[in-house]
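This is the structure I have questions about; it appears just below.
The shown structure was predicted, so the numbers you read here are calculated from the model rather than taken from an experiment. Residue numbers begin at 1 in each chain, while the letters A, B, ... track the order of the sequences.
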There are 2 protein chains.
Amino acid sequence: MSEQVLEVKLDHIDRKILEILQDNAKTPYSQIASQLGISEATVHLRIRKLVNAGVIKRFQAVVDPEKVGKKVTAIIAVIAVPQKYGQVLKQLEKMPEVYEIYDVTGEYSTILKVRVKSKEDLAKLIDEIGGIDGVESTKTMYVLRVIKEDTRIRID
Amino acid sequence: MSEQVLEVKLDHIDRKILEILQDNAKTPYSQIASQLGISEATVHLRIRKLVNAGVIKRFQAVVDPEKVGKKVTAIIAVIAVPQKYGQVLKQLEKMPEVYEIYDVTGEYSTILKVRVKSKEDLAKLIDEIGGIDGVESTKTMYVLRVIKEDTRIRID
DNA sequence: AGTGAAAAAATATGTAG
DNA sequence: CTACATATTTTTTCACT
């Protein structure tokens, strides 16, 4: 039932392909091929293998949150009652405004990243989270500036 | 010099296209067209407009960090000396292991998301960050489990 | 595995309504 | 914005090494 992380052997070619496709998923195979000194067919085969192995989870258009009205980002640290932690996570997972949920060590139970339209919506969301049965306290860190936010995994 | 967030007017069609392309950037225009009841040429024009307006920042292969050896994720809360905060951010921004940097309200100056190969590399990274001139303290929250991590922005 | 060439599909362009 | 036709490019397959 749980996600198995199979060890995937990646050679230099695979790694380079991953770098290129993370920067631009629409790079023509012909260009990748000539850049790496292999044939287009091999590029095609390698990419299919990477997708099938789950190394590439999907191809995605990366959207600017601000441009679509998500003006507010916040990090919320949550402390939950240990006995109800599982159900708290289940509730949080269902909330569309909650994009990331990490179970972490330290004084907090979990760290969330949330995105909403406005400060008013953030206030409502914080109330909602605080109201979940099993949530003991929340600490909100409002994001004033995004200094860096890169979803591309470094391959090395 | 600063990033201008131009207000972009998006209608129902644009929003639907964004949803589809965030799920699968390789969806054929023909499929998008028939699904939305518009022509392929229009799909093409709309997507080009969205890219030019910066709503779509890029097309990216989404890679599973674990599958490429990034087994460890951590959230690090940093407190910096106010007078040196700018230069601290500049140093952090240069570090390849630091994927996200948020300037936040509250007791911490900034919140980081970092990814490394191993616990040993995390320890080294924490030392490195703690050693930056202007960093007063760091608090590391080791990620035990990723409950949710979605980079797709909800369009509504 | 990898290749080159052919076939199929998708994207991009242009004209006109 | 759409429809349609066409050109161009890209992806995919296949027989062979």
Taking B:K90 first and then B:E93, would you say they form a salt bridge - that is, a charged N and a carboxylate O separated by under 4.0 Å?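 The answer is no: the pair does not qualify as a salt bridge.
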
Expressed in angstrom and rounded to an integer, what is the separation of B:Y29 atom OH from C:dA12 atom C1'?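 To the nearest whole Å, that distance equals 9 Å.
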
Examine B:Y99 and A:L21 and state if one hydrophobic cluster contains both, with Ile, Leu, Val, Met, Phe, Trp and Tyr joined whenever side-chain heavy atoms are less than 4.5 Å apart.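 They do share one cluster, since a chain of ILVMFWY contacts under 4.5 Å joins B:Y99 to A:L21.
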
Would you mind listing the cluster partners of B:V78? Hydrophobic ones only (ILVMFWY), side-chain contacts under 4.5 Å, chaining allowed.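 Grouped by the 4.5 Å side-chain rule, A:I147, B:V72, B:I76, B:Y85, B:V88, B:L89, B:L92, B:M95, B:V98, B:I101, B:L112, B:V114, B:V116, B:L122, B:L125, B:I126, B:I129, B:I132, B:V135, B:Y142, B:L144 form the rest of the cluster around B:V78.
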
Is the closest basic N to carboxylate O distance between B:E97 and B:K124 below 4.0 Å?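 The answer is no: the pair does not qualify as a salt bridge.
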
Non-neighbouring partners of B:D127 that pass side chain to side chain donor-acceptor pair (under 3.5 Å), sequence neighbours left out: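 By the side chain to side chain donor-acceptor pair (under 3.5 Å) rule, B:D127 matches no residue at all.
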
Report the distance from atom CZ of B:R48 to atom C1' of C:dT13, rounded to the nearest whole Å.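 For the pair B:R48 CZ and C:dT13 C1', the rounded distance is 9 Å.
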
Name all residues meeting the side chain to side chain donor-acceptor pair (under 3.5 Å) criterion together with A:R145; count only those two or more places apart in sequence or in a different chain, and write none if there are none.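 Per chain and number, A:R145 pairs via side chain to side chain donor-acceptor pair (under 3.5 Å) with B:D103.
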
Salt bridge (Lys or Arg N to Asp or Glu O under 4.0 Å) partners for A:R152, two or more places apart: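 Testing A:R152 for salt bridge (Lys or Arg N to Asp or Glu O under 4.0 Å), a comparison that skips the adjacent residues, returns A:D23, A:D150.
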
Can you pull out every salt bridge (Lys or Arg N to Asp or Glu O under 4.0 Å) where at least one residue sits in residues 26-49 of chain B? Sequence neighbours excluded, please.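 Those involving residues 26-49 of chain B are B:D11-B:R46, B:D14-B:R46, B:D14-B:K49.
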
Please list, chain by chain and in numerical order, all residues satisfying salt bridge (Lys or Arg N to Asp or Glu O under 4.0 Å) with A:K57, sequence neighbours excluded.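 So A:K57 forms no salt bridge (Lys or Arg N to Asp or Glu O under 4.0 Å) with any residue.
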
Going by side-chain contact (heavy atoms from CB on, under 4.5 Å), A:Y29 matches just one of A:I38, A:I17, A:V43. Which one?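 Checked A:I38, A:I17, A:V43 against A:Y29; only one passes side-chain contact (heavy atoms from CB on, under 4.5 Å): A:V43.
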
First and last nucleotide of DNA chain D, 5' to 3', lying under 4.0 Å from heavy atoms of chain B: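 Reading along DNA chain D, I get D:dT2 to D:dC4.
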
Between B:V68 and A:V51, is there shared hydrophobic-cluster membership here, with clusters defined by ILVMFWY side-chain heavy atoms closer than 4.5 Å?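 In one cluster: yes.
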
Spacing between B:Q31 atom CD and C:dA10 atom P, to the nearest angstrom: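 From B:Q31 CD to C:dA10 P: 9 Å.
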
Atom pairs under 3.5 Å, N or O on each side, protein against nucleotides 15-17 of chain C: can you list them with distances?
none

I need the residues from residues 32-44 of chain B with at least one non-hydrogen atom less than 4.0 Å from DNA chain D; give them sorted by number, or say none.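 Here the set is B:I38, B:S39, B:A41, B:T42.
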
Mapping A:K49 and B:K26 to their closest nucleotides on DNA chain C, which lands nearer the 5' end?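 Nearest-nucleotide comparison on DNA chain C picks A:K49.
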
Holding to salt bridge (Lys or Arg N to Asp or Glu O under 4.0 Å), I want the full list of residues that pass it with B:K119, two or more places apart in sequence or in another chain.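 Salt bridge (Lys or Arg N to Asp or Glu O under 4.0 Å) check on B:K119 returns nothing, list empty.
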
End-to-end axis angle, where each axis spans five pairs of the helix from C:dA1-D:dT17 to C:dG17-D:dC1, to 10°: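 Here the local axes at opposite ends form an angle of 30°.
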
What residues form a salt bridge (Lys or Arg N to Asp or Glu O under 4.0 Å) with A:R15, not counting sequence neighbours?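 So A:R15 forms no salt bridge (Lys or Arg N to Asp or Glu O under 4.0 Å) with any residue.
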
